[in-house]
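Okay, structure first, notes after.
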Amino acid sequence: MAEQAAELLWWQRGVIYQIYPRSFVDSNGDGIGDLRGVLQRIDYLSETLGVDAIWLSPFYPSPMKDFGYDVAEYCDVDPIFGTLADFDELLAAAHARGLRVIIDFVPNHTSDQHPWFKESRSSRDNPKRNWYIWADPKPDGSPPNNWLSLFGGSAWEFDAHTGQYYLHSFLKEQPDLNWRNPEVKAAMFEVLRFWLRRGVDGFRVDVAHFLMKDPELRDNPPSAGGLALYKPMGEYDTQIHLYDKGHPDNHALYREFRAVLDEFEPISPRMAVGEIHIADWQEWASYYGEHNDELHMPFNFALINAPWRADVVREVVENVERVLNRGQQPNYVFGNHDEPRIASRIGERAARACMLLLLTLRGTPTMYYGDEIGMVNGDIPPELAQDPWGKNVPGLGLGRDPERTPMQWDSSPNAGFAPAGVRTWLPVNPDYLTRNVAAQLADPRSMLNLTRALLKLRRESPALHSGGYRTLSGDSHVYAFERSAGAQRFMIAINFTAEPRQVALPSGGTLVISTEMDRADERVGEQLSLRPYEAVIVRA
Ligand code: GLC
Ligand code: CA
């Protein structure tokens, strides 16, 4: 059924572009990207590319043990990234161009250097003791239960000074906050208000489903086999994570969280998208809230590690269409700062088809910086490795440095990311000499120009940004669907294979965009031919 475009809000119609600030543009030559760097490229985002919103990964003061996901102060900017004034300037420049700004909210844990944790660990009767999750050792001195850190080893760290363990679902330098303590909740909601008052348009909520855990701290049961929920994670996969995250009390919490955002709704519509890795569709969708009063969206990661196959993708999309009600906005993601680059995972030609898919599905697309030029995984020599996950749990390819290499702007030394001669925090991928924004802008058939054309068509076309969805066909090779609003109708067909394929469409039409950028305006009949890995949009 066609939906009415006028009802949709910016985050429902629009396209989100994720910026990992360390890796976007280094404005001051220290080898690390920063907020003024983003400001320098603001017209690239709003004009050249034409996205609707940017999501900035954390830029808060941090010891950078997890590159900013260990926050030592929620209401400030780390000097590496700039100042609060720089942030305000960036926000104003974005808003002046109609670009929305989503920031990362990291509620599950702070840095162990956060003043709250320093107080908490100072003594058992400190007023902030109960702001974190402390528990007594077992009689034999071992950790309170069997919970594991996602980044390797026990989730408990012993504090000799006070004789108790504290919980850390991630690094030991990232102690988990105790969200069952009303003071923590109040303080964290004030953090939201601090940024909402400054004018941010929304939040990406880090590991949103981790906040509430079993209050009795029961042992997780063993898992029979690999979980295959996400990616093989070593020892972490030996348990069913029944008690250490995903507690039903999360829902009441997110209703309160939502109410904080809603306080600002009369000024302008705000949104929150949660990082939620849950394989069960019903449970995943429950984070929208029974009355759509929790997170505006839980990120949909179902396609991020799914095999590149027409039937698999079709099934995911149909599940989303089936499970969500009318007020629940779908969304799709193919890459972020935690996942291998899509072009490396499925190949460069398929990555073009993937971009076409992402930008034509019904729902909010989130793109990852660099995917618009088809950036591939960086090859990071072990001595230059940065990511603590890869270092703590070696041998499984869990390190996330390859997808965090500097953005490739042009063919000058350091790819236009940082001044020549500067040592960048991660090495620039040597393919920057040919794969860069400037070179691709000059090539009419480049991935960047394909992405720009897709973004432009999506923005101009109610059928694409707000219309209804209908599957046309989908065997294991070709997937075709329709998007429509009123009289406007597009048919999208994607060849997932390395061979030429035919697909039957319900009607002929005019080809608007091919991933090869060479078939515009071609008249096509009901039998459409697709080249290997080609995807097309046909206007009926
Ligand atoms: C999320 C972030 C990841 C971070 C982790 C711990 O998964 O995306 O980068 O390491 O949370 O905060
Ligand atoms: Ca810098």
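When a residue number appears, it is its place in the shown sequence, counting from 1. Computation of the quantities below employed the complete heavy-atom set of this structure, encompassing side-chain atoms and omitting hydrogens, waters and symmetry-equivalent molecules. All ligand and atom numbering here is 1-based and tracks the order in the structure.
Nearest to atom 11 (O) of ligand 1 by heavy atom, out of D104, D206, V106, is D206.
Classification of D293 and R258 as a salt-bridged pair fails, no side-chain N sitting under 4.0 Å from a carboxylate O. Salt bridge status for D52 with R97: absent, with no side-chain N to carboxylate O gap under 4.0 Å. A salt bridge does not link R341 to E348: none of the charged nitrogens lies less than 4.0 Å from a carboxylate oxygen.
Using a 4.0 Å cut-off between heavy atoms, K65 makes no contact with ligand 1 at all. Of all the heavy atoms of H277, none lies under 4.0 Å from any atom of ligand 1, so neither backbone nor side chain is involved. In Y20, neither the side chain nor the backbone holds a heavy atom less than 4.0 Å from any atom of ligand 1.
Excluding waters, the protein N/O/S atoms found under 3.0 Å from the Ca ion (ligand 2) are D26 OD1, N28 OD1, D30 OD1, I32 O, D34 OD2.
Close contacts between ligand 1 and R400 involve ligand atoms 3 (C), 4 (C), 9 (O), 10 (O) [criterion: under 4.0 Å to a heavy atom]. Residue R404 approaches ligand 1 through these ligand atoms, each under 4.0 Å from one of its heavy atoms: 9 (O). Shown in contact with F151 at under 4.0 Å from a heavy atom are these atoms of ligand 1, numbered in order with element: 10 (O). Numbered from 1 in the order shown, with element, the atoms of ligand 1 that lie under 4.0 Å from a heavy atom of V207 read 1 (C), 7 (O), 11 (O). Within ligand 1, the atoms closer than 4.0 Å to a non-hydrogen atom of H109 are 6 (C), 12 (O), numbered from 1 in the order shown. Residue-ligand proximity, D66 to ligand 1, at heavy-atom distances under 4.0 Å covers atoms 4 (C), 5 (C), 6 (C), 10 (O), 12 (O).
Using cut-offs of 30° and 60° on the angle between ring planes, the pair F210 and F170 is tilted. Taking the six-membered ring for Trp and thresholds of 30 and 60 degrees, W116 and Y74 have ring planes inclined between 30 and 60 degrees apart.
Residues D410 and N436 bring no donor and acceptor atom of their side chains to less than 3.5 Å of each other. Using modelled atom types and a 3.5 Å distance limit, the side chains of E403 and N377 yield no donor-acceptor pair. S27 and D34 are linked by a side-chain donor-acceptor pair at a separation below 3.5 angstrom, with hydrogens and angles left out of the test.
Ring centroid separation for the pair Y132 and H109 does not come in under the 6.0 Å cut-off.
With a 6.0 Å cutoff to the six-membered ring centre and a 45° limit on the axis angle, R129 counts as a cation-pi contact of W134.
Residues forming a side chain to side chain contact (heavy atoms under 4.5 Å, CB included) with H95 (at least two apart in sequence, or on another chain): L91, D201.
At a 4.0 Å cut-off, at least one heavy atom of R204 sits close enough to ligand 1 to count as contact.
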